[in-house]
Amino acid sequence: MPGVSIRGLTKRYGDVAAVEGLELDVAPGELVALLGPSGCGKTTTLRLVAGFLAPEAGEIHVGDRVLSSAASVVPPERRKMAMIFQSYALWPHMTVAQNVAYGLRFGRRVDAAERDRRVREILGAVQLAGYERRYPGELSGGQQQRVAVARALVVEPEILLLDEPLSNLDANLREEMRFEIRRLHEAFGITTLYVTHDQAEAMVISDRIAVLDRGRVVQVGTAADLFERPRTRFVAQFIGRTNLVDGVVAEPGVVVREGLRLRVAAADAKPGATVAVSIRPHTITLLAEGVRPAGGDVNLLRGTVRRASYLGAGVDYEVDVDEGNVTLRIAAPPPASLAPGARVGLAVPVEACLPLPNA
Amino acid sequence: MERSLPVWLLAALLVALLILLPLAWLVVLSLSTGAGAGLGSYRAALTDPQLGKALWNTIVLAFWVGAFSLAIGAPMAWLTARTDLPGKRTIRALMLASFVTPPFLGAFAWVMLAGPNAGLLNKLYREVTGAQEPLLNIFSMPGLIFAVTLYTFPYVFIMIANTLELIASDLEEAAAILGARRVTVALTVTLPMVAPAIASGFILAVLQALALFGSPAILALPAGFHTITTQIWSYFQYPPKVELAAAASMPLLVATALLLWLQKRLLGRRGYASVGGKTGQRRGIALGAWRWPAFAGCLAVMACSIFLPYGVLAKAALSRAWAQPLSWDNFTLANVWFTFWQYSATQSAVVNTLELGVMTATVGALMAAVLAYTVNRRLVPGAQFLPFLVLAPVVIPGVVLAVGLFIAYTRPPLVLYGTLWILFAAYLTKELPVGYSQSDATFRGVHTDLEEAGRILGAGRLRVLREITAPLARSGIIATWCFIFIGVIRELSASIILFTPATKVISVVIFDLKEEGQFGAIAVLGLFMLLVTFATVTLMQALLGRDVLGVRE
């Protein structure tokens with residue numbers, strides 16, 4: 001089973017670069033999610049990998065084969081890949097069995113009996129046994145989705161590509177299908193690229209996530225890497241909710257903003273550099289006035305509650321900090337004991353304050 | 001890179017040749033005089049006082065046809081699209097009938113209805129009132145405008161009705177909830193959204209009137225005046241003055257091109273973009289006491305367009321003397337017998353027409369499909385410019401196209417004049433825009449995901465085309481075939497210039513029969529033509545599973 005290696009990939013539409021110098025490595029058998037806001041180039045990247053688009057520069061390798069380069073592009077039909085489309089792209093004039101069996105006609109020859117066996121087997125695996133003779137129009141959205149999955153998996157592709165396959169399903173079904181796709185990936189172990197704009201989906205499904213912004217990969221890592229150690233302001237904002245405090249590095253490990261001094265996690269930012277300090281709402285502890293923090297290395301701030309929203313599993317506070325003209329969001333455990341106007345202390349662990357370059 | 005490239009490239013080149021050759025010759029010949037290149041033909045044409053009069057007549061005709069088509073088509077569109085008018089399906093069906101009726105047949109029928117001497121309506125009027133003078137004279141400019149409008153207003157109707165159907169009621173309700181009264185809503189929301197369709201419908205009607213040959217030939221010539229199309233045709237009567245015809249074609253060509261450009265601009269700026277119409281229901285406006293009067297008004301229009309003309313055609317076909325009252329004594333099948341078995345030209349014309357119809361429709365539908373596919377999937381470099389070329393014949397009125405083809409194919413390397421092939425080339429060129437638009441819509445409907453899903457699983461482009469795209473596009477392509485077929489069997493304005501005694505088609509025979517005053521035979525052939533047309537339309541409706549004029553299921 002080969003992996004995918006993308007080097008300096010560039011695709012322009014007129015003057016606009018949809019993908020620019022993109023670098024990414026997918027290990028054999030790994031599932032990597034391409035995550036980013038709309039227009040970040042994730043779908044373009046996927047279509048470049050599929051061979052539907054030709055790059056202006058850069059290369060796409062699968063194993064030791066060069067599939068795409070500016071000079072030549074292997075057509076999609078000779079890439080040994082399979083793809084699941086956002087629209088499912090089930091052929092309405094073919095039955096479920098015909099749809100699934102279609103890809104078995106190409107590549108290695110498969111006789112009729114073997115073909116039927118494999119179709120039945122894969123439909124069983126996606127829990128659609130008995131639906132062979134139905135037409136796509138007679139199936140629900142979730143069932144169509146499973147047919148699309150079966151059609152892609154039955155050909156045992158070297159690489160599997162998924163383009164926002166769950167975005168047309170309703171919320172409950174979408175959550176269910178996330179686990180289903182992860183289960184199938186663990187069962188089949190196919191090298192997979194998964195495009196999505198939904199960070200929760202990417203976190204559940206993938207081994208690693210590549211965050212894309214304006215046609216480039218800004219950070220690759222596991223869900224925990226990205227959440228706990230974002231490298232840029234963009235990643236910190238895109239993966240989970242966070243507070244961003246803009247300031248200037250005063251000395252190593254200290255960022256100031258107007259009257260506010262924050263000790264931050266060790267970072268190699270030079271004094272004088274402008275940074276954004278990311279503080280996750282759940283890392284901040286609220287203290288009644290006059291109470292000392294329980295211990296550990298923390299920044300102790302004071303402020304006034306501006307808003308409190310009870311969310312059931314927690315309380316979402318907005319607190320105006322006394323110094324620095326900063327408002328912080330805080331996720332606190334229930335009950336909602338503080339009303340707007342209340343004076344509070346905030347314990348912000350130094351390790352939770354991540355200074356990020358302002359890019 | 002793309003292995004199927006030669007296929008698409010060849011198709012594109014073929015179309016370029018088909019369309020550009022006659023146009024190029026038209027320009028070249030209009031610029032040549034007996035002695036060499038020059039503007040002599042233009043000078044001769046433009047200083048010909050007769051041509052000047054013909055041009056003026058054409059402008060008068062086109063303007064009033066546009067205005068009246070709007071006056072009739074717009075209210076009917078609103079009534080059928082937005083109100084609780086009774087019998088909407090019937091009105092739409094009749095509208096379709098009027099749309100596919102060849103205008104020259106309608107003109108013939110109205111000669112029998114409103115000719116000054118024998119016209120049935122005039123006879124009725126004289127009997128009732130005892131007057132000596134006829135009430136109506138169809139052989140006049142007002143008569144011509146009337147007879148042309150009857151078969152042109154459906155264009156306006158279709159444009160406006162389809163736009164109205166796409167405007168969801170919630171757009172109007174949004175204005176109403178903010179406090180706008182019904183009239184204000186209509187003026188500030190509905191009308192501005194329909195305005196491009198109204199303007200474009202008007203232009204479409206004007207274009208139809210400009211290019212029409214049959215109705216002016218039947219109604220204007222006996223009245224002693226020409227329009228530009230009949231004038232060009234007259235240049236082809238012995239002795240032919242081809243250069244003059246070429247030069248006289250230019251104003252018509254330019255006017256058509258300008259009007260179409262204007263229409264495109266009108267539609268392009270706001271047009272349908274604001275009319276998303278994905279969601280939204282449309283709730284009918286209650287007409288109250290006006291329901292039945294409105295319905296009667298619509299029926300009255302359709303009576304002039306369909307009931308009366310079809311009735312008089314049927315009567316003429318089955319009577320010994322068409323002007324005499326209906327009675328058993330007057331009943332006969334002799335006209336049918338005469339038309340098909342005694343009149344020498346008919347049989348070969350029927351064969352020619354059907355042959356050309358089938359051939360053009362088959363080649364045209366395939367060609368349109370290949371071109372639309374090429375453009376939609378951007379298979380050749382510069383594919384985005386191909387539609388301009390393919391749609392270019394829209395700006396070429398049939399008579400002008402015929403002049404170009406006549407010049408192009410009466411000389412080497414391709415001498416096609418005198419064969420069916422020149423008619424084939426004319427029909428193919430003329431119908432290509434219609435066919436292309438239909439095919440384009442068809443392929444837009446086949447999502448590229450469906451093809452790419454096949455590609456990524458291992459099927460090549462041509463295989464995907466055969467196994468996935470073609471089956472999905474099939475009914476659309478057959479509908480295109482029907483559209484072209486209907487267009488061909490009724491074609492008159494190019495045929496009248498390109499036919500020779502061996503290559504007559506039905507419409508030309510009808511025209512000949514008019515010269516001989518054989519009204520019974522005309523009626524028989526006309527009804528035959530309508531029969532074939534309606535059979536084709538029915539087939540097409542069944543295939544598309546919807547109203548061919550409509551936009552939604």
Side-chain angles (χ1 to χ4, degrees), chain A residues 43 46-47 49-54 67-94 98-110 136 147-148 150-165 168, chain B residues 1-9 278-279 369 373-385 441-479 542-546 553:
Chain A
T43 294
L46 197 74
R47 293 170 58 79
V49 173
F52 294 129
L53 298 174
L67 291 189
S68 291
S69 68
S72 82
V73 174
V74 174
E77 60 268 26
R78 288 195 267 131
R79 295 193 164 215
K80 298 182 190 155
M81 295 182 181
M83 183 160 171
I84 299 172
F85 294 79
Q86 188 173 3
S87 63
Y88 314 143
L90 298 181
W91 301 304
H93 60 301
M94 298 185 194
Q98 285 170 333
N99 263 284
V100 174
Y102 189 82
L104 292 174
R105 288 191 269 169
F106 312 106
R108 262 185 305 123
R109 281 262 155 231
V110 179
V147 177
R151 184 176 68 182
L153 290 178
V154 77
V155 297
E156 296 172 0
E158 286 186 353
I159 311 292
L160 180 62
L161 308 172
L162 297 95
D163 185 8
E164 309 222 13
N168 283 334
Chain B
M1 49 179 274
E2 179 72 49
R3 282 183 300 167
S4 53
L5 189 65
V7 180
W8 321 118
L9 222 47
K278 197 168 77 182
T279 55
Y373 184 75
T374 308
V375 172
N376 258 291
R377 307 300 191 242
R378 297 185 180 274
L379 293 174
V380 294
Q384 66 270 33
F385 301 113
T442 302
F443 283 112
R444 271 173 210 273
V446 180
H447 201 290
T448 46
D449 277 2
L450 294 172
E451 295 176 351
E452 291 180 346
R455 294 294 298 280
I456 199 76
L457 288 173
R461 180 172 292 281
L462 291 175
R463 181 164 194 142
V464 164
L465 185 59
R466 195 169 66 240
E467 291 179 353
I468 293 169
T469 318
L472 292 174
R474 190 175 54 208
S475 64
I477 291 172
I478 297 176
L543 276 170
L544 287 179
R546 63 169 169 85
E553 299 280 300

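The figures here come from the full heavy-atom set of this structure, side chains too, leaving out hydrogens, waters and symmetry mates. In what follows, every chain begins at residue 1, and chains take the letters A, B, ... in the order their sequences are listed.
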> Would you say the side-chain atoms of A:Trp91 pair up with the backbone N or O of B:Leu450, donor to acceptor, closer than 3.5 Å?
Replying inline: yes

> Taking atom CD1 of B:Ile456 and atom CZ of A:Arg78, what is their separation to the nearest 0.5 Å?
Replying inline: 12.5 Å

> When rounded to the nearest 0.5 angstrom, what is the spacing between NE2 in A:His93 and CZ in B:Arg474?
Replying inline: 9.0 Å

>> With a 4.5 angstrom heavy-atom cut-off, is it the side chain or the backbone of A:Ile84 that approaches chain B, or both, or neither?
In response: neither

> What pair of heavy atoms forms the shortest contact from B:Ala459 to A:Phe106, and how long is it?
Replying inline: CB-CZ, 3.4 Å

> What are the two closest non-hydrogen atoms of A:Phe52 and B:Glu452, and how far apart are they?
Replying inline: CZ-CB, 3.1 Å

> For the residue pair B:Ala453 and A:Arg151, what are the closest heavy atoms and their distance?
Replying inline: CB-NH2, 3.3 Å

>> For chain B, which candidate among A:Lys80, A:Gln86, A:Arg79, A:Arg47 shows the most heavy-atom pairs at distances under 4.5 Å?
In response: A:Arg47

> Are any non-hydrogen side-chain atoms of B:Arg463 and A:Arg105 less than 4.5 angstrom apart?
Replying inline: yes

>> Could you go through A:Tyr88 and B:Asp449, starting from their C-alpha distance and side-chain angles, then the distance that decides it, and tell me whether this counts as side-chain contact (heavy atoms from CB on, under 4.5 Å)?
In response: CA-CA 8 Å; A:Tyr88 314 143; B:Asp449 277 2; over 6 Å; no

> Going through the checks in order, is the side-chain contact (heavy atoms from CB on, under 4.5 Å) test met by B:Ile468 and A:Met94?
Replying inline: CA-CA 9 Å; B:Ile468 293 169; A:Met94 298 185 194; 4.1 Å; yes

>> Tell me whether B:His447 contacts the main-chain N or O of A:Ser87 through its side chain, where contact means a donor paired with an acceptor under 3.5 Å.
In response: no

> Any side-chain hydrogen bond (donor to acceptor under 3.5 Å, both in side chains) pairs touching residues 155-165 of chain A, not counting sequence neighbours?
Replying inline: A:Thr43-A:Asp163, A:Glu164-A:His197

> Tell me, do A:Pro75 and B:Arg455 make a side-chain contact under 4.5 Å, heavy atoms counted?
Replying inline: yes

